[in-house]
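Below is one structure, written out as structure tokens; the observations come after it.
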Amino acid sequence: MDKLVIKGGNRLSGALPISGAKNAALTLIPCALLTEEPLTLRNLPRLADIDGFQHLMGQFGVTVSIQGNRPEDFGRVVTYEATRVTNTVAPYDLVRKMRASILVLGPMLARMGEATVSLPGGCAIGNRPIDLHLEALKAFGAEIELAEGYVRAHAPDGGLPGGNFDFPVVSVGATENALMAAALANGTSRLGNAAREPEIVDLCNLLVAMGAEIEGIGSSDLTIHGVKRLHGATYRVMPDRIEAGSYACAAAITGGEVTLDGAKAGDMAATLHALRNIGVECEEVKNGVHIAANGKLLATNLSTAPYPGLATDMQAQLMALLCRAEGTSVLTETIFENRYMHVPELTRMGARIETSGRTAIVHGVGSMTGAEVMATDLRASMSLVIAGLAADGTTNVNRLYHLDRGYERLEEKLQLVGADIERVGAE
Ligand code: UD1
């Protein structure tokens, strides 16, 4: 298995390109199931999760054609064509590897009147149920049955009627599934306390480009007037705000100065606010965000929350940064239980962190040392890379498949701004 070898201490400087957003792409691709016409997505990142999702689409009879790059995009152009859906089952071995596979449930049900999707099973960042996905679809008139580890969903004859659903907890994935299903329902649907992450806005914008009628885009109250059919579209995937935030932390921990090309400051306001409190200058520039740190980092208190709050997907990377800040910081993770798996590994590098339930107390330390480390999820792995960039000596980050799920050409991008990082095959 490959690993990343990082020699800490280089100050990052220069410009690095931000890719298309993984989490947006994973909800835009299943929209291809909503129409028999081609859906072309631009700026799709090259990631293991995207390849996995495309493989799943292939199982349903969707043709996937990769059409290279456009000069103004970092990512690829891919066309999905679901002229005929030949199979409505998402099998266990694909869903198990990629939780986002559950996002085919809503569109498949709306288009075909039925869908069978394996239950995703356990997940490293806590017990992640899908009850809200199912409750929302039931509120739209679906019949749902759980049997043999699968969710079987059926629409009444003539299609889903549509309906109203108020989310008791904000859920990004359940909001996405509900939106895709409601777009093709017979009547009008209303979602209350819906997630309003920028990736949800990206999904709404694509659905509208395909002919959907949605009111309240960007708010937590969405009204969807179902339409008889949706048509094809060409759409550019939004920039990845979590990737951009991760590289901002990487630059900051080295006292560096980088421009995140293509990043949208408005989508990452909570992260930029946190970074400013830590003493990092963040400035919106033409087509990107400029980050400048002077080597002095200040402690701060952070709590994750649904958008527009601080993204849980930024918690691990900001924690790595705070390990090197002057003073004591308190972090609270409100979205997922068990999302502190990076703490023991950061501790092995010299960090001083105490956790209790959802709270982590980070006592800043003057220096950290390189170590052999590994993490069990994507953002946790990135926090180890960030810590390694400013640690004394060499850090080896193992289990790279987590990073390959979500960071496109990670080592190439970091090399561009002067990091000493390389991928090597382990003996
Ligand atoms: C998405 C993102 C993930 C991010 C998360 C929160 C994708 C592919 N993944 O995950 O990177 O960390 O949003 O911003 O976009 N919940 C339930 N029942 C449900 C669904 C969720 O109780 O049916 C709970 C979860 O356990 C969690 C909270 O709701 O505590 C939020 O989860 P959710 O927003 O659904 O996360 P995902 O869509 O899985």
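Here, residue 1 is the first one in the sequence, and each next residue gets the next number. One-based numbering, in listed order, for ligands and for the atoms of each.
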Proximal ligand 1 atoms for Arg339, defined as those under 4.0 Å from one of its heavy atoms: 12 (O)

Is it true that the side chains of His363 and Glu354 contain a donor and an acceptor less than 3.5 Å apart? yes

Is the closest heavy atom of Ala311 to ligand 1 under 4.0 Å? no

Arg379: heavy atom below 4.0 Å from ligand 1, yes or no? no

Does ligand 1 have any atom that is closer than 4.0 Å to a heavy atom of Val170? yes

For the pair Glu243 and Lys22, find out whether any cationic side-chain nitrogen is under 4.0 Å from an anionic carboxylate oxygen. no

If we ignore hydrogens and angles and just use 3.5 Å, is the side chain of Asn398 paired with the main-chain N or O of Lys3 as donor and acceptor? no

Do you know which of Asp202, Asn43, Thr40 makes side-chain hydrogen bond (donor to acceptor under 3.5 Å, both in side chains) with Tyr235? Asp202

Backbone or side chain, does any N or O of Lys22 fall under 3.5 Å from an N or O of ligand 1? no

Option set Asp131, Asn177, Asp313, Leu378, criterion heavy-atom distance to atom 11 (O) of ligand 1, minimum: Asp313

If you look at every heavy atom in Tyr150 and Pro91, which pair is closest and at what distance? OH-CA, 3.5 Å

Do Asp51 and Arg76 sit within salt-bridge range, that is, some charged N less than 4.0 Å from a carboxylate O? yes

Only heavy atoms of His133, strictly under 4.0 Å: list the atoms of ligand 1 that pass. 23 (O)

Would you say Val172 has any N or O atom under 3.5 Å from an N or O of ligand 1, going by distance alone? yes

Check: Thr332/Thr359 side-chain N/O donor and acceptor closer than 3.5 Å: no

Between atom SG of Cys204 and atom CZ of Arg196, what is the distance when rounded to the nearest 0.5 Å? 13.0 Å

Mind checking the CG-CE spacing from Asp377 to Met341? Nearest 0.5 Å is all I need. 4.0 Å

Which is it for Arg99 and ligand 1 at heavy atoms under 4.0 Å: side chain, backbone, both or neither? side chain

Gly173 to ligand 1: N or O pair under 3.5 Å? yes

If we only count N/O pairs under 3.5 Å, is Ala174 in contact with ligand 1? no

Side chains of Glu114 and Thr88: is there a donor and an acceptor less than 3.5 Å apart? yes

Where is the tightest heavy-atom contact between Gly106 and Asn177, given as atom of each residue plus distance? N-OD1, 2.8 Å

Within 4.0 Å of some non-hydrogen atom of Val169, the atoms of ligand 1 are 29 (O)

Pairing donors with acceptors under 3.5 angstrom, does anything connect the side chains of Arg339 and Thr312? yes

Using a strict cut-off of 4.0 Å, indicate which atoms of ligand 1 neighbour a heavy atom of Thr312. 6 (C), 12 (O), 14 (O)

Below 3.5 angstrom, do we get any N/O pair linking Leu132 and ligand 1? yes

Is Gln315 close enough to touch ligand 1? Criterion: a residue heavy atom under 4.0 Å from a ligand atom. no

Can you find an N/O atom of Phe336 closer than 3.5 Å to an N/O atom of ligand 1? no

Pick one of side chain, backbone, both or neither for how Met98 approaches ligand 1, counting any non-hydrogen atom pair under 4.0 Å. neither

If you take the nearest heavy atom of each of Ile335, Ile242, Asp377, which one is closest to atom 28 (C) of ligand 1? Ile335

Per-atom contacts of ligand 1 with Ile130, taking only distances under 4.0 Å to non-hydrogen atoms: 19 (C), 23 (O)

